[in-house]
Amino acid sequence: MSKVAAPVLSVRGLTRTYDTATGGLTVLRGVDLDIMPGEIVGLIGPSGSGKSSLLHAAGLLEKPTEGEVRIDGEAVADLSDHDRTRIRLDRIGFVYQFHHLLPEFDARDNVALPLRIAGHKLAVARARAEELLVALGLSERLTHQPSQLSGGERQRVAVARALANRPRLLLADEPTGNLDPATSQTVFEALHDVVKQTGVAALIATHNMELAGHMDRVFAIKDGHLEERPAESHEY
C-alpha cells in the first residue's frame, strides 16, 4: 500500500491583525491551506489583501495573531527565534519581486551564499550553485555579476539562490512583477520546471493572471478568506 504524501505547508485558522492609528486591521481571517510536495499554488488578490501577510506567516517572518503553521508536520508557532531561523535557512526558500543580489558577487557566488552561511565548504557551495544555474538556463552566466545580467537572468539567479539549500518550501512574492510579459513567462517556466523536478512545494503571490493559469491551484484572498478559483477564471 503506497504511502500518502503529507503537506509540506499546513496552515490552520490563520488570522493576522495589525494595530493601526484607527484600530485593528484584520487582513487574514481563519485561513486554512495545505500545499503538497511538487505543487505550485498561486495566490492572487489586490494590494493590501493579505498576500504578503500569508507568505510572511508561512515563511516564519511574522507570527500570526491566531492560528497554526506547520512545516513538514512540525508546529512552528511556539519555537524559539533560533529554531525559527534554522527552519527558514534549512527548509524555506524566498524569492521577491526585486532580486536583491549582491552586486560584488557573480551569479555563482550569489547562489552559493546561503550554502556558505549554512556551513558548506566553498567548493561544495559553488558546485551546487552551478548545478542550479545550469538547470535554469544560465550555464553561460556563472561568472557574470548582476550588472552584466538582464532582468530575467537576475531573477533566475534569485530563484537558484532560493533553492540552494534544497528547501522543502518555496515562497515567492511577485517574482515576475518587475519584468516584461515575455521575460515573466521565461522566468516562470524555469521556476515551474525546477519545482516539478525537485519536489519542492511552492506558494506564489502574483498579479499575473496568465501565469496563475499555469499553476496547479489558485486561491484569491477576499475579505480575509481564501477562495479557490477554477483554472479558467482567475479574476479577483
Side-chain angles (χ1 to χ4, degrees), residues 5-12 14 16 28 31-43 50-64 67-102 110-120 125 128-129 131-132 135-136 155-177 187-188 190-206 215-217 219 226:
V8 174
L9 172 67
S10 184
V11 171
R12 289 293 179 273
L14 193 74
R16 187 68 171 98
L28 299 174
V31 167
D32 295 337
L33 178 65
D34 289 332
I35 304 181
M36 308 302 290
E39 185 178 31
I40 303 178
V41 174
L43 190 62
K51 298 190 303 298
S52 294
S53 294
L54 179 53
L55 288 172
H56 290 169
L60 313 190
L61 296 173
E62 295 180 2
K63 290 187 177 182
E68 181 178 73
V69 176
R70 289 181 176 268
I71 306 293
D72 278 331
E74 180 178 0
V76 298
D78 296 327
L79 295 179
S80 67
D81 288 342
H82 176 270
D83 288 341
R84 289 165 65 88
T85 298
R86 175 53 56 180
I87 289 176
R88 283 197 300 269
L89 182 61
D90 291 345
R91 299 194 224 169
I92 304 174
F94 296 89
V95 183
Y96 299 98
Q97 180 174 351
F98 300 99
H99 54 78
H100 299 300
L101 300 178
L102 296 179
N110 264 287
V111 176
L113 185 59
L115 290 152
R116 296 289 287 152
I117 293 172
H120 294 280
R128 170 63 175 163
E131 172 190 334
L132 284 165
L136 287 162
Q155 202 64 350
R156 277 183 280 165
V157 174
V159 170
R161 180 183 57 191
L163 295 170
N165 277 326
R166 293 182 169 86
R168 297 280 292 145
L169 176 65
L170 179 68
L171 301 171
D173 196 354
E174 299 288 353
T176 63
V187 170
F188 179 77
L191 173 61
H192 177 278
D193 291 346
V194 170
V195 167
K196 296 303 181 182
Q197 290 163 11
T198 62
V200 66
L203 178 61
I204 302 175
T206 183
M215 299 183 193
D216 297 314
R217 291 185 292 153
F219 291 88
L226 287 188

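Treat the numbers as computed from the prediction; the structure is a model and nothing was measured.
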**Study point:** Listed partners of Ala160 passing side-chain contact (heavy atoms from CB on, under 4.5 Å), at least two apart
**Key:** Val111, Leu132, Leu133, Leu136
Check your understanding: Please walk me through it: do Leu115 and Asn165 pass side chain to side chain contact (heavy atoms under 4.5 Å, CB included)?
Key -> CA-CA 6 Å; Leu115 290 152; Asn165 277 326; 3.1 Å; yes
Practice item. Under the side-chain contact (heavy atoms from CB on, under 4.5 Å) rule, collect the residues that match up with Asp72, sequence neighbours excluded. Key: Val8, Arg91, Arg168
Review point. Taking C-beta and beyond as the side chain, do Thr198 and Leu170 meet within less than 4.5 Å on heavy atoms?
Key: no
Practice item. Over all heavy atoms of both residues, which pair between Ala162 and Val95 is shortest? Give the atoms and the distance, please. Key: CB-CG2, 3.6 Å
Point to revise | Cationic N near anionic O, under 4.0 Å, Arg217 to Asp34 | key: no
Check your understanding: Should we count CZ of Arg86 as having more than 12 external heavy atoms under 6.0 Å?
Key -> no
Practice item. Taking the side chain as every heavy atom from C-beta outward, state whether Leu191 and Gln155 have any atom pair closer than 4.5 Å. Key: no
Practice item. Would you mind telling me which of Leu171, Ile87, Asp81 makes a side-chain contact (heavy atoms from CB on, under 4.5 Å) with Leu60? Key: Ile87
Point to revise | N/O donor-acceptor pair under 3.5 Å between Arg128 side chain and Ala164 backbone | key: yes
Exercise for review: To the nearest 0.5 angstrom, please state how far the CD1 atom of Ile92 sits from the CD1 atom of Ile71.
Suggested key: 4.5 Å
Practice item. Specify the closest pair of heavy atoms between Leu226 and Asp32, including all atoms of both residues, with the distance to one decimal. Key: CD1-O, 3.8 Å
Exercise for review: Mind checking the CE-CG spacing from Met36 to Leu9? Nearest 0.5 Å is all I need.
Suggested key: 11.0 Å
Check your understanding: What closest approach, in Å, do His120 and Arg116 show between heavy atoms, and which atom pair accounts for it?
Key -> O-NH1, 2.8 Å
**Study point:** Flag, side chain of Asp173 to backbone of Ala205, donor-acceptor distance under 3.5 Å
**Key:** no
Point to revise | Any Leu55 side-chain heavy atom under 4.5 Å of Leu203 side chain | key: yes
Practice item. Could I get the full list of salt bridge (Lys or Arg N to Asp or Glu O under 4.0 Å) partners for Asp83, not counting sequence neighbours? Key: none
Study note, to complete from the structure: Correct closest heavy-atom pair for Gly93 and Pro167 would be N-CB, 3.6 Å
Check your understanding: Are any side-chain N or O atoms of Arg16 and backbone N or O atoms of Gly50, one a donor and one an acceptor, separated by less than 3.5 Å?
Key -> no
Check your understanding: Looking at side-chain heavy atoms only, is the closest gap between His82 and Thr85 below 4.5 Å?
Key -> no
Review point. Got a donor-acceptor contact below 3.5 angstrom from the Asp216 side chain to the Ile40 backbone?
Key: yes
Check your understanding: Ignoring hydrogens and geometry, is there a side-chain-to-backbone donor-acceptor pair from Glu174 to Ile204 under 3.5 Å?
Key -> no
Point to revise | From CZ (Phe188) to CG (Asp193), nearest 0.5 Å | key: 9.5 Å
Check your understanding: So, for Leu79 and Arg84, which heavy atoms are closest and what is the spacing to 0.1 Å?
Key -> O-CD, 3.6 Å
